[in-house]
2 protein chains.
Amino acid sequence: MRVTREKAAENRERIVTTAAKLFREKGFDGVGLDAIMAEVGLTHGGFYRHFRSKDELAAEAIARGLAASAEKQAAHASLQDLVCAYLSPAHRDDLGGGCVVAALGGDIARQGDGVRRGLTAYVREQLDRLARWLAGRNGKRDPAAREQAIATLAGLVGALVLARAVDDPALSDEILAAARAAYGGAEGS
Amino acid sequence: MRVTREKAAENRERIVTTAAKLFREKGFDGVGLDAIMAEVGLTHGGFYRHFRSKDELAAEAIARGLAASAEKQAAHASLQDLVCAYLSPAHRDDLGGGCVVAALGGDIARQGDGVRRGLTAYVREQLDRLARWLAGRNGKRDPAAREQAIATLAGLVGALVLARAVDDPALSDEILAAARAAYGGAEGS
DNA sequence: TGTACATCAGTGAACGCGCGTTCACTGATGTAC
DNA sequence: TGTACATCAGTGAACGCGCGTTCACTGATGTAC
């Protein structure tokens, strides 16, 4: 049942992206290798032709998810766009495709070095991007831009976590709307 | 080996508080009943004299953790106090005794109805408290107080999650300090 | 280009461990008289 | 107050299932000649 090298590489790729989705949806311990492989369309035995362990897959899946997030954030034309998209009901309801930090934040703090190092680099990158935007908005060379960037990133992540954790749809929507307003998603750029 | 009714009630209590601590430290799936019971000083078999299942314990432990948090927040004399304590390095490093939402936020969204309803009530309570304080600071009857309360709560939770997830102690400290400044922990009341 | 052989991605059964749950049992507590 | 019996919190072994991991095997792909 050997497959093309090309096909094998594609399968490996799909294992990583599928895992990245499922981990965000159900947590690291909430998904088994069999569920991941089944969603890819393979049997679980073949997993170890691609990865040494579930942990190795987890590290790679997180890295992939962070890279995808970074790309998505970079695509926004303005801070306003980014905040509106991040705090949209659609993003709240898209656990598997959304922000890795909001979905797995608590668990990441308990993960190994590789995962946490990747996350740290991602946070630095996002802070730099936000600070640049904020400096542009407030006037060049704003010394408070970095502090504002940190407050904004924290507010975005926290608002999404709260909006997802809360039981009442009306309260959840209110949280998103208030945070959009507070973090610049409703004002002009 | 029967024990006093009093002693049994005390044991039950300790199971709940120990579970509340360990769940926050290692996640729901990261701790077994045997570990919880061992830390209490009992054997795992006795667990089912007190609870019908691990899930039932989880719901009660979360509720207990939220109640403890609410009490702690209410004890602060001012918003400044609360923000400074919440965003302190000590709180960041006290996973087991700290904020339930920051420690288990992502997992709570995947829990049952009981847990989420309790969390929702807790969030409402905190928002009301924050809005009252913010209205007091800005002048009575501030219509933006609630929006500001939401932004503040989100910022607190998000900053703590980020500070814990990040690998670099200096960046972690910077996040806490910036958020303290941005959310009113450094200004006068 | 064609043939023979080596490689190796994927299969599916099996292993082993952890963990939630159950159960027969113990013996001190609680209660009825 | 004292005695006999019922209750039940806690014990420790056992069960069963899920899941990460291993392994012998298959058969198409890749390669050497």
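No hydrogens, no waters, no symmetry mates; every other heavy atom, side chains included, goes into these values. A note on names: the letters A, B, ... follow the listed sequences, proteins ahead of strands, and every chain is numbered from 1. None of these values were measured; they are calculated from a predicted model.
With a cut-off of 3.5 Å on both pairing distances, the Watson-Crick and G-U wobble pairs of DNA chain C assemble into stems of 3 or more at C:2-33 with D:2-33.
Between B:F23 and B:F28, the ring planes lie tilted relative to each other; the angle falls in the 30° to 60° range.
The NZ atom of A:K26 sits 15 Å away from the P atom of D:dG18 (whole-angstrom rounding). Rounded to whole angstrom, the span from the CG atom of A:L33 across to the C1' atom of C:dG10 amounts to 15 Å. Atom CD1 in B:I15 sits roughly 10 Å away from atom C1' in D:dG10 (whole-Å rounding). Taking atom CG of A:L57 as the reference point, atom P of D:dT21 lies 10 Å away to the nearest angstrom. Distance B:M37 CE to D:dG10 P: 7 Å, rounded to the nearest Å. Atom CG in B:D29 sits about 15 Å away from atom P in D:dG18, given to the nearest Å. Atom CZ in A:R14 sits about 11 Å away from atom P in C:dG10, given to the nearest Å. Distance A:R12 CZ to C:dG10 P: 11 Å, rounded to the nearest Å.
One hydrophobic cluster holds both B:F51 and B:L42 under the rule that ILVMFWY side chains link at heavy-atom gaps under 4.5 Å.
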Does A:M37 form a side chain to side chain contact (heavy atoms under 4.5 Å, CB included) with A:T18? I'd like the steps, not just the answer. CA-CA 9 Å; A:M37 294 301 279; A:T18 302; over 6 Å; no

Given side-chain hydrogen bond (donor to acceptor under 3.5 Å, both in side chains), test A:S172 with A:R92 step by step and report yes or no. CA-CA 9 Å; A:S172 179; A:R92 173 195 60 200; 2.8 Å; yes

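Around the NZ atom of A:K26, the shell of radius 6.0 Å holds no more than 12 heavy atoms that belong to other residues, nucleotides or ligands.
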Using a cut-off of 4.0 Å between protein heavy atoms and nucleotide atoms, how would you tag nucleotides 28-33 of chain D 5' to 3' with B, S and -? BBSS--

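At a threshold of 4.0 Å, the pair A:K21-A:E39 counts as salt-bridged, since one of the basic side-chain nitrogens sits closer than that to a carboxylate oxygen. Between B:R124 and A:D168, at least one side-chain N (NZ, or NE/NH1/NH2) sits under 4.0 Å from a carboxylate O, which counts as a salt bridge. With salt bridges taken as basic N to acidic carboxylate O contacts below 4.0 Å, one links A:E13 and A:R64.
Between the side chain of B:R24 and the main chain of B:A20, a donor-acceptor pair closer than 3.5 Å is present.
Only B:L42, B:T43, B:H44, B:G45, B:G46, B:R49, B:H50, listed by number, bring a heavy atom of residues 39-51 of chain B to less than 4.0 angstrom from any atom of DNA chain D.
Interatomic distance, B:H50 NE2 to B:N11 CG, rounded to the nearest 0.5 Å: 5.5 Å.
Contact of the A:L66 side chain with the A:L119 side chain is registered, since non-hydrogen atoms from C-beta on lie closer than 4.5 Å.
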